[in-house]
Each structure stands twice: as structure tokens, then as C-alpha cells.
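Remember, it's a predicted structure, so these values are computed and weren't measured experimentally. In what follows, chains carry the letters A, B, and so on, assigned in the order in which the sequence lines appear, proteins first and then strands, with residues in each chain numbered from 1.
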Amino acid sequence: MGASGSRLSKELLAEYQDLTFLTKQEILLAHRRFCELLPQEHRSVEESLQIRVSLEQILSLPELKANPFKERICRVFSTSPTRDSLSFEDFLDLLSVFSDTATPDIKSHYAFRIFGNTTPSHMVFVLVLLGSWGSSLELILTLSFLASCDCSLDFDDDGTLNRDDLSQLVNCLTGEGEDTRLSASEMKQLIDNILEESDIDRDGTINLSEFQHVISRSPDFASSFKIVL
Amino acid sequence: MAQPPAFVFNVPETPEDQGQDPSPYDESEVHDSFHQLIQEQSLRAAEEGLELRVLPQREPGPETLGASGSGHQALLGPEGVPDYSTATLRILASMPSRTIGRSRGAILSQYYNRTVRLRRRGSRPPLGGVGRSARPSLRLYDLELDPTAFQEEEKRTLLVKELQGLTVTQRDHMLRGMPLSLAEKRSLREESWTQSGKQRGPQGRRGLLPCCSRLRYACGLALHSLGLALLSALQALTPWRYALKQIGGQFGSSVLSYFLFLKTLLAFNALLLLPLLAFIVGVQAAFPPAPAGSVPTFTGLELLTGGGRFSHSVMYYGYYSNTTLNQLCGPPLDGSQCTPEAGGLPYNMPLAYLFTMGMSFFITCITLVYSMSRSFGESYRVGSTSGVHAITVFCSWDYKVTQKWPSRLQQDNIRTQLKELLAEWQLQQGPRSVWGRLRQVAILGFVWLLCLGTTLGCTLAVYAFSELMIKNPVSAEREWELLALPLVVCLLNLGAPYLYRGLAALERHDSPILEVYVAICRNLILKMVILGILCYHWLGRRVGALKGQCWENFVGQELYRLMVMDFVFTLLDTLFGELVWRFISEKQRKKRGKPEFDIARNVLELIYGQTLTWLGVLFSPLLPAMQIMKLLVLFYVKKTSLMANCRAPRRPWLASHMSTVFVSLLCFPSFLGAAVFLCYAIWQVRPSSICGPFRTLDTMYEAGKVWVRHLEKAGPRVSWLPWIHRYLVENTFPIYLVSALLLAVIYLNIQVVKGQRKVICLLKEQISNVSPPPTSTLAPPPHPPWTWAVESVRLPNPSS
């Protein structure tokens, strides 16, 4: 068995088990896989808990390699200031959200952040909403996903899915190539339909509660939003 | 633009009013902390509310920045504020939907937002380096100047306090569900631990340890590492973990659902087999009856026919004795006259046979109904009708897929699906011509007629053939002729689905789901009708024809043969059918490549096999073991064939709906049919008089009655048992009562669901009433009153 992977202390293991949706085995497996990404000399337990693995290395994991959302996923879960590396705890966070037992709520919450986390195209701060309606509690809840705000100068992480986010999302789903993406008219039609279906308040964007409302109607989401290590 | 709604909520804003909570739902201290948040936020809102209007003007380009800045100044007057007046805010915030059970979450997310802002401030690059268009808003700037660091700590302590009020399990549960990073959660947990005075963890272990406790510690560590090693070994034992992952990774959830269903069936069979092994087979094997006559030698053909040597083993009903085991008896003819052996418990085989069968069927039934209801709860949501585009875009990516080409395939699938959806949507806009619709209906009727005709033909063929078999009884030497009937049945079962598949190509269904359901429906009708005919053949005709022989053994052997033949045909079909199909489709359509994995047909084959097992378990208690072996082999064969010959289905499936359908089909025609068949056999049919545990009785059920009579004689100590039997089992009234109660519960549930649907409709209407017209381009809507409605629309599942 993996000599490096099974040395997590009992307390730490129990704590991770309490705070994530993972089982002991899964945590151990995750630790072993994480250690495999580290260079040989840094594989001791103390170091493996401290050190951060760069985005490229994480993306080389077979579980993420084929995923068109891989970069977004890693960015959402990274806690480093520049969002380009993952610690072991971030990695556990990621696996926990994508595990079998994670609640649909938390899954849809992170899905929203992954979908909203697009490449830099425009930088609008709709954070204003936060200030003006801060006391309306659902909105606080709604906006509580702004975790990746660490560097929202790099991403349009404005807490809503607008037309640009949606079109990038669709491009991710259909393939980015010139011949594979939908034509402009199709895209427009599709986004119109999506907004028609899910944008309840008609503000032209989809926010977290609207998103979760859509997701809650799809029983398949929880079964497909999974990554098994 | 947005009308100031302040006059609508005309609440006096007196200072003493601030302390009160207008909500009728008082949530004790939690609510107080919550209220404080509101107050604070409303102050902030008053300062910053105006950004809302300014922002969109700023958006068009950097050149308007200055203008909007001045606008900001101009609007800072008192007119801008009433939109978000404190009273309004408080009333809105204290609406029941917002307060019930939310306060905790509110504090949490509030705190969370703050940390996020703090973090952002720490890591932001200097403003000078950023381009003009990428400039952060003034609002953000304000935030930075805000002395929030102090409040930040306050919120955090509030949250920690909140956590301390909970029990340990609740606390962990709550922390687990928070969208915070793990490090954050750990520190929160740590704080709530230490502040509640419970010293735990490394702090407690400081200082010099006494010798014995050090030893204990070392032992604990050793045990711990041993446990970890065992855990990893256990993980390696988890069956098919890697195989299932591989399948899910290459073919997506829909094909995976077939294999998961296979796994479920394995579990069901194991559940059925264990009590049978323990209470019937094991016991009988330990006390073998005296051999009756000569036992034929093993030839090898038995493996196919199930006869010969096998009929004189624990495999079949006929081998089991009708005596009380564990007693010293000479001839096993009349067990009641034997005296119990000293020290041994009497073990009445007929009773054990009857009760074990009944109990294991009952357990299976409960498990089946439970898993069906759970999967219904998961897959059917109230009001889940519209929103197909949004769901396709948001929910269709399968994150389990791990390889490049399936991922590309999935992208292709999603693109095709989106295009089809759009085309369909445009089609719906324009009505279809009458002629086209007429033709569609005609084709549909024609194909259905052909299918039903084929089914009828198959049924007649099976019936005629079975009659023929009865008229020409097979002699013992030519045992292989017994295989003729199963062969015919399997050939029909194999051929007809291909025919249906060909016919289905004629009719072009609008939706792929409908296509699958129609295919399932046709195959199901065929299989059930054939099985029904066979059941009639066994219980109605064979029992009469086999006077003086052990008809139970014969039926058990028939089912064994059917099962083996079904297995052989499935293997052949998998090996050759799919291979040949692959070559054909690769030759014909270079572009399309390998054939799809036909989930519907394969799942129905599994259900058919399981029905055979359930039908035969009374006559051959080891049939579930056979089924388990069959399923195990099938898993590997199907997986290999899938990897080599098939590709992922072109049409995406609603995997969860499908697995619900699979389980329901397993429950409804399959299990229920088998149960009816067995009940008929137990209550109505006279068991054969020369073999089996019930040989002296009129019906199998008599064994229970005889026992009850026996108990009545035994004395008053156990008199309640006959009483129960007389008043609860034989009397029909309790059964009626229970069924009436059950019906009432079902009816009430239906009504509840109906009511929920109505509420959803009302809420939707309300949402469309309160939402402003979509034309407003300047300002976002002033207030989202729909948020609470959205929350309420997501009602809990009625069925779960």
C-alpha cells in the first residue's frame, strides 16, 4: 500500500472526515494521489499538507484532463491569492463537492461558481447589488458565492450568469473550435430561450437562486456532477 | 424608473422601534443577532444604494466615467434613499419566508462575504497597473476605505458563538454544508471548540507523559496504522469500483446505469439466497434423507438440462424431506410419531421451507418497494416540466467522463442535442401540416399492429409447442429433447426485439425518450406474455399430465433450463450479435462507426432473467445462486463487449429517470407476477404425493395449518399463536382493513402532491406579477421580491 499515503494522523483524518463529504478511504486515496503529484523529496506528510501544487500539475490528473471546465474548477477551489495552485485541503474541498454524498445544494452552488468563472472578457462590478441590498437576506445568501472574489479583476466573477457567461459556457459544452461551435443566430436563440426559461426576475442575467431553481428540476444533475478518484 | 415603494410600507421609524422585531416568528437569540445585521446593512444600504442606478450608465465605456461620477454626486440627495429605506428593508427581511430557519445562514453568508472582501483587498494588484476599463468601481473603493476590519471580527465571533450553541454533530453537519474553504472551516471549528471550554487535541497532550500513557499512545498509533492498512485493503475489495469508473468515464451515466442495475440485481439475489441457504439448503444438506433408489451418474448434460443427477440433490424441491429433522426416525414417512432426540431442537422441514420462502420474499418485496420509492423521490420533482434548454445547458455535462475521445463525443452529443432542441422549438412555433400528421399516425398504427401481431404469433407458437411437448413425453434416454422448448422460447425472445428495432426505424418519433419507452413497452409485452403462457403450461397442464411424478422438480428443471438457455443466448448474442452488428454498421456507415449499446433491450433481458429466478425459487431453492453466477459472468462479458464493440449512445439519456423505470419494471410486472404465481402454487395447487416436504398435504399452505393445530393441542402457553392465526390470517376482515388504510394513505398523498402543484402554479403567477417588465435597461430591478417565492417553489419532495 502507498507508504506515503497512509500516514495522515488520526486526528487530522477524523477532522477531514467531519468537515468534508468524504469517507476515510477516499481521503487516504486523495492524499496518496496528491502526494504522487509532488516531487519525491517533498512527500512527507508535513510538507504535503503545506505545499501547493501548480494548476498544470493538477490538470494533468486523468480525472480532470478531459474536462472542458478543468481550469475553472481548479480556480474556484484554489485558495491561493493568485488562484493558480491548490493545496491538499483545496484538493479535498474539490473532491468533497464532487463526491457522492455532497448535498445537491452545495453541488449547485459550486456549479454556479464554475459556470460563472469565465475568462477575462469584461469587468463589471455588479457588487453594487451587494451594497444596496445587503440586508435583504436572500440576496446575501445569493451573493455568498463570491468566494472567488480574490481576484475578480481577472474573471468576470460578478455573481450572475450574463449572456457572455452563457455563451462561453455553451462553447465549452459544444467544443471551442470554429466548426463545432453554434452559429451566432443559434447561439442567440439558445440564450434567449435559456433566459426565457430561467430568468425569473427578467433582469437579463441568472443569479444563484434562479440557477439553483433550474438545477433542482433536473434529477440527473447530482448524479453527473461527480468526480470519482 | 423604479418607483419608491417606501410609502407602501409606511412604518414609523422611531428609535425604539429599531430594537423590536416586526416578524411574528420570533426566533429567540439567533434572531436578535440577525436583526442586528439587518440594521447595520440598512445603514450601509442607505449610503450605497445609489450605486445601483449609476452602474449601468458607467458600463458603456470609460469616457462616461466622469459623467457618471458626477451623477453619483447629484443623486446622493435624500431622494435616492427612500427606495431602500430601513423600514422597507426590515419589513421585507422579516417576511416569514425570509426569516424561518434562515437567520443562521444569513449570518454565515454575511460573514462569508466579508471575508471574501477582506481577502480580495489583500490580494488586489495596485490600481495604477490596471487599464482604465478594468478599473474597479468606486463602490469597491469605498469598501476599502470602510473600517470593516473591526466588524469582520465581530461577525466571526458571532458565527463562532452560533456554532457553539449547537451540538457537535450539528456543528460538523453545518460546517460541512458551508461553501467555505477547508482551512476556514477548520479554524472555525477550532475556535468553537476552544471557546466552549472543551480542551481537546494537541493542547491536552503537552507536558511530560507518564510511562503507561505513552505506551498506550504508542499502542494506539500502532492500532491506527493497522486500521489504515486494513482500510486500504478494504478499498481494494470494493467490487468493480475501477470497472464502474471506467465505464462511466467512457460511456457516461446512461450505460453506467445498466451496470449499476446489474449490481442491484446481484444484491437482491444475495438477499434472497442467504436465508434460503441458512434455513433450508444448509439444514437439509446436514441431515440428508435416505437415498431413494439409484442415483444416476453425472454425464455433463445435466449442466444444460438440470435433470439427471441434479434432481437428487438439494438443488430441487423433491429432495427435501417432510419430516422433523434432528429426530431419530426410521422411515421418513410420518415425522409426528417420532420422539424428539434428547437435547436437540426439533426442526420441522415443511414449516421451515414455507416460512423461509415467505420471509425471503417479504424481505425482497420491502427492499424493492423501498428502493423504488427512493428512486422515485430522487427523479421526479413536482412541477418539473419546463426549462429544457436551461437544463440541457446547465446539467448535461457528465463530469465522470475522463478520457479525451468520450469527452469529445459528449461535446458532439450536446451540440447535436442543442441543435435538435432549437430545431424542434422552431418547429413548434409553426404548426405541422395535416397530411404529415396523418401519415405519422398511420405509420405508428401500422408498426404497432405489426408488433402486436408478432407478439401474438410468438405466444401461439410457444403454446402450440408446449402442447406438443405434453403429448409426446420425453423418455429418460433422450433428455436433450427437453431443451427444445427453452430453445424455442429463447429464439423468439432474441429474434423479436431485433424485429422491433427494425420496425422502430420506420416510425420517426419526435423525442428519443419516447422511442426508448416504446421499445421497452413492446419488449416487455412480449416477454410477459410468453412467461404467462409458460406459467399456465406448468401449473395448469403439467400438473395434470405428470400424475404420479414429481411435477415440482419438473417445473424447477424447466426454469433452470430456461435460465441456462437464456444465459447461453445472451452470451452468443453479445459475442456474435454485437460483433457482427459492429462490422455491418462499420461497413455501411463509415462515419457512424460502432453501434450503440442498446440499454433498453439489455435491461429487459436482466429483468426477464430475474423473473425466471423468482418464479423458480420455490421449486429450486438454489436458483438464486445460479443467477448470481450468471450475473457475475455477464458483468465481465458485457463490459468487455462494450469496450470493444460499442460506443456511447448518440442520444443522451435521462439516466435517473431510466433507473427509476428499471426498478419499477422489476417491481411491477416481474416481482408481482412471480409472487402471484407462487401464491397460486402454494394455496391452490396440490403438491405431488411422492416427493418434497409437502407430500402428504393437500396444499403447501396446509403445513402452516397443521402446525397451528399442533400448537393448539400443545397447551395454553402458546395459545395466542392459534388465536392470531384464526382471527388475523384466516379472517378476511383485517386484510380488508389494512388495504383500505393503505389506499387512504395513498389517496391522501396524491392529494398533497396535487395541492403542492397548485401552490407552485400560484407562486409562479405571483412571480410573473411582481417581476417588472423586461424593458428596463437602465437600472436593475430595485428589489427582488421573487427570491422568497423561488425559495418556496423549491418544495420538498412529496414522495420521499
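Heavy-atom distances place no part of A:L61 under 4.5 Å from chain B, backbone and side chain included. With a 4.5 Å cut-off on non-hydrogen atoms, A:L19 touches chain B through its backbone and its side chain both. Contacts of A:T20 with chain B are made by both backbone and side-chain atoms, with heavy-atom separations under 4.5 Å. Within the 4.5 angstrom heavy-atom criterion, only side-chain atoms of A:Y16, from C-beta onward, approach chain B. When heavy atoms are compared at a cutoff of 4.5 Å, B:R408 does not approach chain A at all. With a 4.5 Å cut-off on non-hydrogen atoms, B:L418 touches chain A through its side chain but not through its backbone. Heavy-atom distances place no part of A:L64 under 4.5 Å from chain B, backbone and side chain included. With a 4.5 angstrom heavy-atom cutoff, A:L94 does not touch chain B via any of its atoms. For A:I73, the part lying under 4.5 angstrom from a heavy atom of chain B is the side chain only. The contact between A:V214 and chain B is made by backbone and side chain atoms together, counting heavy-atom distances below 4.5 Å.
Atoms CD and CG, from A:E15 and B:D172 in turn, are 9.0 Å apart once rounded to the nearest 0.5 Å. Here the CD1-CG distance, from B:I414 to A:L182, works out to 11.0 Å after rounding to the nearest 0.5 Å. Note that CZ of B:R415 is 10.0 Å distant from CD of A:E186, once rounded to the nearest 0.5 Å. Rounded to the nearest 0.5 Å, atoms CG (A:N193) and OG1 (B:T392) are 10.5 Å apart.
Judged by distance alone, with hydrogens and angles left aside, the side-chain atoms of A:E197 form a donor-acceptor pair with the main-chain N or O of B:H389 at under 3.5 Å. Judged by distance alone, with hydrogens and angles left aside, the side-chain atoms of B:S407 form a donor-acceptor pair with the main-chain N or O of A:A66 at under 3.5 Å.
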Please assess B:Q411 against A:L173 for the test side chain to side chain contact (heavy atoms under 4.5 Å, CB included), listing each intermediate value before the final yes or no. CA-CA 6 Å; B:Q411 287 182 336; A:L173 284 174; over 6 Å; no
Under the side chain to side chain contact (heavy atoms under 4.5 Å, CB included) criterion, do B:L182 and A:D90 qualify, and how do the steps go? CA-CA 7 Å; B:L182 196 52; A:D90 298 341; 6.0 Å; no
Evaluation steps, side chain to side chain contact (heavy atoms under 4.5 Å, CB included), between A:D93 and B:E184: CA-CA 11 Å; A:D93 254 343; B:E184 198 78 32; over 6 Å; no
Step by step, would you call A:F221 with B:F394 a ring pair (Phe, Tyr, Trp, His ring centres under 6.0 Å)? CA-CA 8 Å; A:F221 175 74; B:F394 291 146; 9.4 Å; no
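A pairwise comparison of heavy atoms in B:Y399 and A:N67 identifies CD2-ND2, 3.3 Å as the closest pair. Nearest heavy atoms, B:P179 versus A:I106: N-CD1, 4.1 Å. The two residues A:S224 and B:W397 have their closest heavy-atom pair at OG-O, 3.6 Å.
The residue among B:K404, B:R186, B:K185 with the most heavy atom pairs within less than 4.5 Å of chain A is B:R186. If you tally non-hydrogen atom pairs under 4.5 Å between each of A:I191, A:T205, A:L190, A:I227 and chain B, the highest count goes to A:L190.
Under a 4.0 Å N-O distance rule, the pair A:E63/B:K400 does not qualify as a salt bridge. Ion pairing between a basic and an acidic side chain is recognised when a charged N comes within 4.0 Å of a carboxylate O; A:D18 and B:R171 show no such pairing.
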